[in-house]
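To start, the structure under review is shown below, and the notes come after it.
Sequence lines set the chain letters: A, B, ... in the order given, protein chains first and strands last, and positions in each chain run from 1.
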2 protein chains.
Amino acid sequence: MAKPVSGRAELLPLLGEVFRAHGYEGATLSLISEATGLGKGSLYHFFPDGKQQMATEVLAEIDGWFEVNIFAPLRSSGDPEAAVAAMIEGVDRYFRSGRRVCLVGVIALGASRDMFAVQVHDYFKRWNDALSRLLSRSGLGARAARQRSTDALLTIQGALVLARALDDPAIFRRALSDVSERLLAPPD
Amino acid sequence: MAKPVSGRAELLPLLGEVFRAHGYEGATLSLISEATGLGKGSLYHFFPDGKQQMATEVLAEIDGWFEVNIFAPLRSSGDPEAAVAAMIEGVDRYFRSGRRVCLVGVIALGASRDMFAVQVHDYFKRWNDALSRLLSRSGLGARAARQRSTDALLTIQGALVLARALDDPAIFRRALSDVSERLLAPPD
DNA sequence: GACTCTCTGTACCGATCGGTACAGTCTCCG
DNA sequence: CGGAGACTGTACCGATCGGTACAGAGAGTC
């Protein structure tokens, strides 16, 4: 076994960028082949089930990144202010201040949503749960916490759309600072 | 001339739903043919430049609908409260309370953005201008007005993404009511 | 009834789609 | 050094892609 897992691990981010840029249906095998430098032979060696498996594993990798870098810290933190700041910072880095698009969001909007419905649903639900529980722990009512949390997630997604549509990354940065403020505002 | 323009007008909404559901790249000619009941012959009779022309005209039609039903009322109104309420109501109807996706947003996220960059940019810019000027007229500073307006647009887009991802239209309705509230809040 | 012009279905085009087959190359291990 | 198994490129598959060609169908005009 030469480098079975490590090669695969280096592959997923490359695949992710192709899916991000072209969506699931738009990401053709030849685009993927070009982006990775791998022929179909190698691609199908790593992913015997083809495109769908590639997308599934890319989504799982993204999910894993957020689990470690965003969700888990949210769950274990006792300091809402620091936790929210860390989340915002992580999100800003991940989305390159609005210049990078959210693959999970892209898939949610497209026809391939049904194919990946469970993964897409899970990703946002776990984020929402982790964030709203942090807010609850900090003294907010369950309903208000859930509401603020949902508002935060949707603002991030919308900011990515609008920043790209208007080609203005400042929209994303500003939206993140709004999110932070609304999340940490005193109870109504 | 049998019914040259009227047939075309009936065609565009059908085309719009196909692009909405599958994105630009995912909307194949056969999907379009099936949705409209028209063969390629007819399709290329109405749209000699093919798929790209279809999408361009669909975007123009959507733009026209928003111009008449959303942007113009925003521009001509002197009553911010009524104007915002009318906008929210129109948006809720148009997006079928979150069950329908925004084609302009879908295209903004995809690889076809570059192809339609001008139309996408224009759509959001004109909405943003109309809304922020309404807010300015009502006494808000230009900077704050622009900020609140941008926040409103991005919240609507994000709510569409999240409502679809979590398969929960209530997210959209709730987001609209938040938008309304933040738009009409007293100056900080 | 002949002519015009809008509209339509069908057959077809080369290119590309996602996927398969397979012979080879490389590397590690004994 | 020889075999095993991980990897790779190439040729190929049937299906479908977006688009074109074209012969008609149908309705309106004279």
Practice problem: Could you tell me whether the side chain of B:T28 and the main chain of B:L31 form a donor-acceptor pair under 3.5 Å? | Solution: yes
Quiz prompt | B:R146 and B:D129 ion-paired at < 4.0 Å | solution = yes
Just list the side-chain donor-acceptor pairs under 3.5 Å for residues 63-75 of chain A, sequence neighbours left out, or say none.
residue : atom : partner : partner atom : Å
A:D63   : OD1  : A:R126  : NH1          : 3.2
A:D63   : OD1  : A:R126  : NH2          : 2.8
A:D63   : OD2  : A:R126  : NH1          : 3.0
A:E67   : OE1  : A:R75   : NH2          : 3.3
A:E67   : OE1  : A:R126  : NH2          : 2.7
A:E67   : OE2  : A:R75   : NH1          : 2.7
A:N69   : ND2  : A:W65   : O            : 2.9

Quiz prompt | Short side-chain N/O contact from B:H45 to OP1 or OP2 of C:dT8, under 4.0 Å | solution = no
Could you list, one pair per line, each protein nitrogen or oxygen that sits under 3.5 Å from a nitrogen or oxygen of nucleotides 16-23 of chain C, together with the distance?
residue : atom : partner : partner atom : Å
C:dC17  : OP1  : A:T28   : OG1          : 3.3
C:dC17  : OP1  : A:S30   : OG           : 3.4
C:dC17  : OP2  : A:S30   : OG           : 3.2
C:dG18  : OP1  : A:K51   : NZ           : 3.1
C:dG18  : OP2  : A:L29   : N            : 2.6
C:dG18  : N7   : A:K40   : NZ           : 3.4
C:dG19  : OP2  : A:Y44   : OH           : 2.7
C:dG19  : OP2  : A:K51   : N            : 3.2
C:dG19  : O5'  : A:Y44   : OH           : 3.1
C:dG19  : N7   : A:K40   : NZ           : 3.1
C:dG19  : O6   : A:K40   : NZ           : 2.2

Exercise. Would you kindly give the CG-to-P distance between A:L38 and D:dC7, to the nearest whole Å?
Key: 10 Å
Quiz prompt | Charged tip of B:R8 within 45° of B:F47 ring normal and under 6.0 Å | solution = yes
Quiz item: Around B:E81, counting heavy atoms of other residues, nucleotides and ligands shown, do more than 12 lie under 6.0 Å from its CD?
Solution: no
